[in-house]
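In what follows, a single structure is set out as structure tokens and then discussed.
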Number of protein chains: 2
Amino acid sequence: MTGNKSALKNATNLKFLAEHLGLSQTTVSRALNGFPEVNYKTRQLVQAAAQKFNYQPNARAKRLATGRSMAIGHLVSVSKGHEIVNPIFADFIAGASARYIESGYDLLLSLVPDEKELSAYNDLAARDAVDGVIIHTPKEDDKRLKRLNELNLPFVVHGRSTKSNEVYNWVDVNNESAFFRATEFLIDLGHRSIALVNGMADLDFAIRRTKGYERALSKHQIDAVSDYILYGEMTEPYGYRSTIALLDRPIPPTAIIASSILVANGVRRGIEERGLKMGHDISILSHDDDLSYFRDESDVPVYSATRSSVRVAGYKSADLLIKTIEDPTRQREGILIEADLMIGTSTKPAKS
Amino acid sequence: MTGNKSALKNATNLKFLAEHLGLSQTTVSRALNGFPEVNYKTRQLVQAAAQKFNYQPNARAKRLATGRSMAIGHLVSVSKGHEIVNPIFADFIAGASARYIESGYDLLLSLVPDEKELSAYNDLAARDAVDGVIIHTPKEDDKRLKRLNELNLPFVVHGRSTKSNEVYNWVDVNNESAFFRATEFLIDLGHRSIALVNGMADLDFAIRRTKGYERALSKHQIDAVSDYILYGEMTEPYGYRSTIALLDRPIPPTAIIASSILVANGVRRGIEERGLKMGHDISILSHDDDLSYFRDESDVPVYSATRSSVRVAGYKSADLLIKTIEDPTRQREGILIEADLMIGTSTKPAKS
DNA sequence: AAGTACTTTCAAAGCGCTTTGGATATCTCT
DNA sequence: AGAGATATCCAAAGCGCTTTGAAAGTACTT
């Protein structure tokens, strides 16, 4: 028994349509797919009939016949123990999905345990289930790039892998310059003790952020206190805990840079729990991925922030990937997005 | 030209394997798929060869041959203007994906504009691209259920559609009882002016939450002040704005119930901006979806909350859907999850 | 020894589309 | 009017798998 159920659901296949019209499947197929060698009148008839019967080519058959999956894979790796799905991911996906829809691609999502990540790509390639993939949160030297190049599977990295020797497509925010400007902005406000509550230490973007931060300090001849840089999973509680720890230092910072809005929320909680007031007693500056569920439409934003829409990054990544899939010989490309520096109420001049 | 590229990527197909082994495709296929009518020795040989050549059946061909897509669709509708991807979604997906992987299903994600939502399901069914779908954030009388039943496409609703007459699978938190208990808990603490910062008014869960809230008030002979119930998209800024508005009322509430942790964050910001202290001057109780990126491992939670893991709900939804797909005659089922009431530091007895 | 029942294997059909390589009809031009 | 071009359509092959229906080989009975 094959396809009985599907036959029930969708009795209108190409064969039926062709017979109904008294035409060959070839002609019907071509008429619907816009081939030139079909008579105008015929095409009209075919289209009308297709409309009438709500005909849509069976996706499975089409994929087999064309040898293309018309699907893009997004693998998200989750570690055993702390199974965190990056909240930023939802917005990125939203942007990417919009682009996929324009070109008729499906978005395939899969969460895989950390240790199976590489083999998951192998499987995907062997099954030939997707035409390309997006790589999320790359490490500084990410093994996935090499693997995907070996598998000859088109991909785009959201972010970069600085120490990788591979040739690859990427879409990234200029983290280094964003955090350089953020830090310098705080220095200009008179702050000298500036902490950085960063993401996980092995992630490429976190390393770049540290680099920008340190470059600003060194430009202004401020000694970087290594204690002031914290690394961790970017959750709200992490921001909170980090802040409490920072405020307990002999010399507490007068300004804190947070790596995401969620972390900033935690930082704020820590500050307020200590009876301090954000902006007045201590400044907060955050990186803001412009997440839809955090977005504030008020004139003056709450947090001063380096802002860049992760949704836009998603759209651009998808766009780049589709271009690569449709022309594999295409030169690999990197797209660098500059973040805006938005001044809100959370940063004030340092008390002297 | 068909499948050239894919041939490059994966030269090892069934035909090659069969020829290499000197067996028919039938036997090889059966050996790998665990059919009983194949000799033990033969099966060993086949499996060894498959391993050696890293053979994985081509997903496209398999799907066409079996008439099954081995994919589950998740359609998320986004409204023009405020394109919000529910952050809860990420965690739900994580739970569902785990279940899909167990049974070899792919997860197909698609964001569709509000107005195209219904037709998107038609397309999905006509293309026969998925074996089933999950319905997110249902309205009180959701049109999608009827449509999907007409299309004969298996589905599970995350939540319920109280006023719908359709027969359907669902997985839902007991919102009514959760919010009843939450409200009663606050009443027991002496609060009489309790506000509810709810989700969008047309969503089923929001209506149930209001119901639970009102039932508790009425049980304790407290007049429900309609002004105290607010409806809106559950973002942080919404929580903030609502709180500011509530505090400006002639009789400001002494306790606020928030519909999600994000909203609670906003509520807290509003409270603190007014120089009040959470817990001391005003109590906050939230519904907590136990989102991974908000989870706090500390002994005493910050927010008192009705807690229920949305990730678990995702897993259960997926499980129910797969069962329905594999046995379409299966009785439709509803799974009701009770939320826990966790007492944190954000609720204190009302000042008298 | 011949009939019956398994066990094990296979050739071929089929899933529903796209694409190749004609075939037929219609025009155009000399 | 006939050759060559052009427009329009079609039969059949192919995508890589699963599944059907049969055949061949083995073992067991009587």
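The number of heavy-atom neighbours closer than 6.0 Å to CD of E115(B), taken from other residues, nucleotides and ligands shown, is above 12. Within 6.0 Å of CG on N33(B) lie more than 12 heavy atoms contributed by other residues, nucleotides or ligands.
One interatomic measurement links the two molecules: CZ of R127(B) to P of dT18(C), which rounds to 13 Å at whole-angstrom precision. Rounded to a whole Å, the CZ atom of R63(B) is 15 Å from the C1' atom of dC15(D). In this structure, CG of N39(A) is placed 11 Å from P of dC27(C), rounded to the nearest angstrom. Distance E37(B) CD to dC10(C) P: 13 Å, rounded to the nearest Å. Across the protein-nucleic acid pair, L21(A) atom CG and dC9(D) atom P stand 11 Å apart, rounded to whole Å. At whole-Å resolution of the value, CG in N13(A) and P in dC17(C) are 5 Å apart. At whole-Å resolution of the value, CZ in R68(A) and C1' in dT19(C) are 15 Å apart. Regarding Q56(B), its CD atom lies at a distance of 11 Å from the P atom of dC17(D), rounded to whole Å.
Using a 4.0 Å heavy-atom distance criterion, F16(B) is classed as making no nucleic acid contact.
In this structure, the side chain of D131(B) does not engage the main chain of R68(B) through any donor-acceptor pair within 3.5 Å.
Here the side chain of L14(B) is nearest to one of dC9(D), dC17(C), dT18(D), namely dT18(D). Among the nucleotides dG14(D), dT18(D), dG16(D), the one closest to any side-chain atom of A65(A) is dG14(D).
Take the nearest nucleotide of DNA chain D for P36(A) and for A61(A): the residue whose nucleotide is more 5' is P36(A).
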Checklist entry - Step by step, would you call E333(A) with N169(A) a side chain to side chain donor-acceptor pair (under 3.5 Å)? => result CA-CA 5 Å; E333(A) 187 182 341; N169(A) 290 307; over 6 Å; no

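Applying a 4.0 Å cut-off to non-hydrogen atoms, the residues of residues 22-33 of chain A that approach DNA chain D are G22(A), L23(A), S24(A), T26(A), T27(A), R30(A), listed by residue number.
Residue pairs meeting the salt bridge (Lys or Arg N to Asp or Glu O under 4.0 Å) criterion with at least one member in residues 22-39 of chain A, sequence neighbours excluded: R30(A)-E37(A).
For the 3.5 Å distance criterion, the side chains of S292(B) and D91(B) qualify, holding a donor opposite an acceptor. Counted by atom type alone, E102(A) and Y315(A) present one or more donor-acceptor pairs between their side chains at under 3.5 Å.
Separation of the F53(A) and F16(A) ring centroids falls under the 6.0 Å cut-off.
Within the 4.0 Å cut-off from OP1 or OP2 of dC15(D), not a single side-chain nitrogen or oxygen of T66(A) is found. Contact annotation: Y55(A) side-chain N/O to dC17(C) OP1/OP2 distance is under 4.0 Å.
Shortest non-hydrogen contact noted between R144(A) and P138(A) is NH2-CA, 3.5 Å.
End-to-end axis angle of the helix from dA1(C)-dT30(D) to dT30(C)-dA1(D), using five pairs per end and rounding to 10°, comes to 50°.
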